[in-house]
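Reading through the structure tokens given below for one structure.
These numbers were taken from a predicted model, which means no experiment stands behind them. Numbered from 1 within each chain, the chains take letters A, B, ... in sequence-line order.
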Amino acid sequence: MIRTARRLMSVLVAIALVFPAHFPTAIAEMITTEAALVAANRHNLLTEAETFFLQDRVAAQLSQLGVDRNHVLARVRSMTSHELTALARKMDSMPAGAGAIEIIGIVFLVLLILEIVGVTDIFKKI
Amino acid sequence: MLVASLNVTEFTTGCTRNIFRSTGIITLLLLLSACANQWSAVDLTDRRPVDLEDTPFYAQKDYQCGPAALATVLGASGIEVTPDALVPKVYTPGRGGSLQIDMIATTRGYARVPYIIDADMSHLLDELDAARPVLVLQNLGFSFKPFWHYAVATGYDPILGEIYLRSGTERRKVMRMGKFERTWRRAEAWAVVVLKPGELPANPDSGKLLEAMVAMETIQGPDFMVKLYRDFLEHFPGDQIARLGLANAHLNNGDLRQAIRLYRHVLAMERSNVAAGNNLAIALSRANCPASAIARAQTAAKWARDTNTFPTESKRTLDQVRNDAKGAFDDVPGSDLCN
């Protein structure tokens with residue numbers, strides 16, 4: 001339901017971007033602190049519509065990766081435009097911290113080989 | 001030795017193929033050992049042992065070290081939350097782990113400012129000295145075959161050269177500091193502290209801290225932001241973006257008097273600040289000062305054109321402020337807000 005609504009909004013925003021004249025332009029626009037900061041740092045400033053698109057894209061990526069729909073929107077809403085851009089670009093290659101449990105094996109083997117080769121001297125009791 | 005063979009068996013069924021497919025593991029190991037000496041150890045003189053024993057501990061389940069580590073640092077900062085409650089917020093099943101940005105963004109929802117400290121081991125130790133546990137990302141594998149892992153540093157012993165971690169299922173994992181630093185550097189030395197409003201990191205970089213605070217606007221309301229910016233300005237009174245943020249929070253709160261005063265302060269410092277001029281025009285318009293609002297909006301629009309910052313926004317504001325005036329081009333008589 002929420003996704004359908006967001007899709008619809010995306011389409012509306014897209015239309016608004018292509019045919020700006022059809023939408024009222026006289027909306028007083030408070031300049032957000034984030035926008036002022038981005039401008040001061042001379043980074044690229046995203047428009048509201050671009051941020052919206054990015055949120056939608058990252059949300060789609062996250063739900064494709066199995067994140068519960070109800071939580072996807074809450075996640076993207078607390079991200080800055082900088083973070084959204086980064087995720088949209090390279091979510092697949094970003095580190096995802098997992099756990100130590102599966103890793104103990106590989107680390108142990110490496111340590112064991114290092115020990116046998118004589119590089120380290122950890123397992124004094126073996 | 002029994003334990004050893006068990007572990008190796010586990011490893012064999014899990015990950016061996018990938019490793020041995022890549023040729024020359026011995027060469028790799030030799031390379032690794034050759035590199036090991038290049039990492040400089042942190043200067044530990046004049047440092048005392050720290051052990052933040054009160055830091056909560058949550059043993060991780062499955063691959064969920066992210067939720068466990070985040071619950072740990074939030075708990076140490078006075079926010080009680082279980083890893084289970086954090087799983088849907090940070091864990092991404094398709095990646096079998098938690099993304100750093102999700103860890104950061106989720107922290108904001110708990111009214112804590114996530115601050116990424118510098119990639120400097122001494123800064124990490126400084127945080128521990130300040131009694132703040134540090135959330136770290138480690139790469140326990142290789143650069144080409146990474147195994148990402150979140151843990152929380154809770155103390156260290158400078159004489160023994162050891163660091164203590166809440167890690168995985170271990171309440172108090174003791175690691176040699178050099179080894180820890182290598183696993184940490186392989187994860188680009190990513191480390192985060194979570195700050196209460198008013199709390200500063202041990203080595204504050206005002207620009208980075210401001211960015212971390214502004215990001216809180218994504219999820220926190222104006223009341224919270226007022227407190228945050230006020231505290232920040234006490235330490236960095238010359239920061240006009242923080243002052244603009246404080247003014248914006250007041251405007252969003254409906255406290256026009258404070259907002260107007262602060263926008264004027266920013267403009268007194270930076271005459272061409274389009275954001276402050278634009279938002280001041282909006283605040284004045286709401287305070288029934290149409291004449292002052294239009295004058296401000298015109299000035300802001302002029303600066304916007306000259307400096308090419310926010311030209312669209314300031315144009316819209318000017319249109320709107322004129323529209324709102326509805327022909328009444330005089331300020332409310334006697335209002336002290338308008339001047």
- Item | Which atom of A/M79 lies closest to which atom of B/A105, heavy atoms considered | CG-CB, 3.9 Å
- Query: Got a second to check how far B/E211's CD is from A/N41's CG, nearest 0.5 Å?
  - Reply: 6.0 Å
- Query: Minimum heavy-atom separation for A/A39 to B/F310, with atom names?
  - Reply: CB-CZ, 3.8 Å
- Query: Roughly how far apart are A/E34 CD and B/M216 CE, rounded to 0.5 Å?
  - Reply: 13.5 Å
- Query: Is it the side chain or the backbone of B/V87 that comes within 4.5 Å of chain A heavy atoms, both, or neither?
  - Reply: backbone
- Item | Between B/E217 and A/T32, a side-chain donor and acceptor under 3.5 Å | no
- Item | Any donor-acceptor pair under 3.5 Å from B/N279 side chain to A/M30 backbone | no
- For the residue pair A/S93 and B/R95, what are the closest heavy atoms and their distance? N-NH1, 4.3 Å
- Query: What part of A/A36 gets closer than 4.5 Å to chain B, counting heavy atoms only: side chain, backbone, both or neither?
  - Reply: both
- Can you tell which of A/L84, A/L37, A/V38 has the highest number of heavy-atom pairs within less than 4.5 Å of chain B? A/L37
- So which part of B/L99 gets closer than 4.5 Å to some heavy atom of chain A, the side chain, the backbone, both or neither? both
- Between atom CG of B/N248 and atom OG1 of A/T33, what is the distance when rounded to the nearest 0.5 Å? 4.0 Å
- Which atoms of B/L318 come close to chain A, meaning under 4.5 Å heavy atom to heavy atom: side chain ones, backbone ones, both, or neither? neither
- Got a second to check how far A/I31's CD1 is from B/T317's OG1, nearest 0.5 Å? 6.5 Å
- Query: Just wondering, do A/M94 and B/I101 contact through their side chains at under 4.5 Å, heavy atoms?
  - Reply: yes
- Task: Drop me the distance from B/Y91's OH to A/L65's CG, to the nearest 0.5 angstrom.
- Result: 11.0 Å
- Item | Structural part of B/P88 lying under 4.5 Å from a heavy atom of chain A | both
- Query: Any side-chain heavy atom of A/V67 within less than 4.5 Å of one from B/P93?
  - Reply: yes
- Item | Donor-acceptor pair, side chain of A/R75 and main chain of B/D102, under 3.5 angstrom | no
- Message: Can you tell whether the side chains of A/E83 and B/R108 come within less than 4.0 Å, N to carboxylate O?
- Response: yes
- Nearest 0.5 Å please: distance from the CG atom of A/D68 over to the NZ atom of B/K89. 12.0 Å
- Task: Would you mind telling me which of A/G66, A/S81, A/S78 has the largest number of heavy-atom pairs within less than 4.5 Å of chain B?
- Result: A/S78
- Message: At a 4.5 Å cut-off on heavy atoms, which part of B/N252 comes close to chain A: side chain, backbone, both, or neither?
- Response: side chain
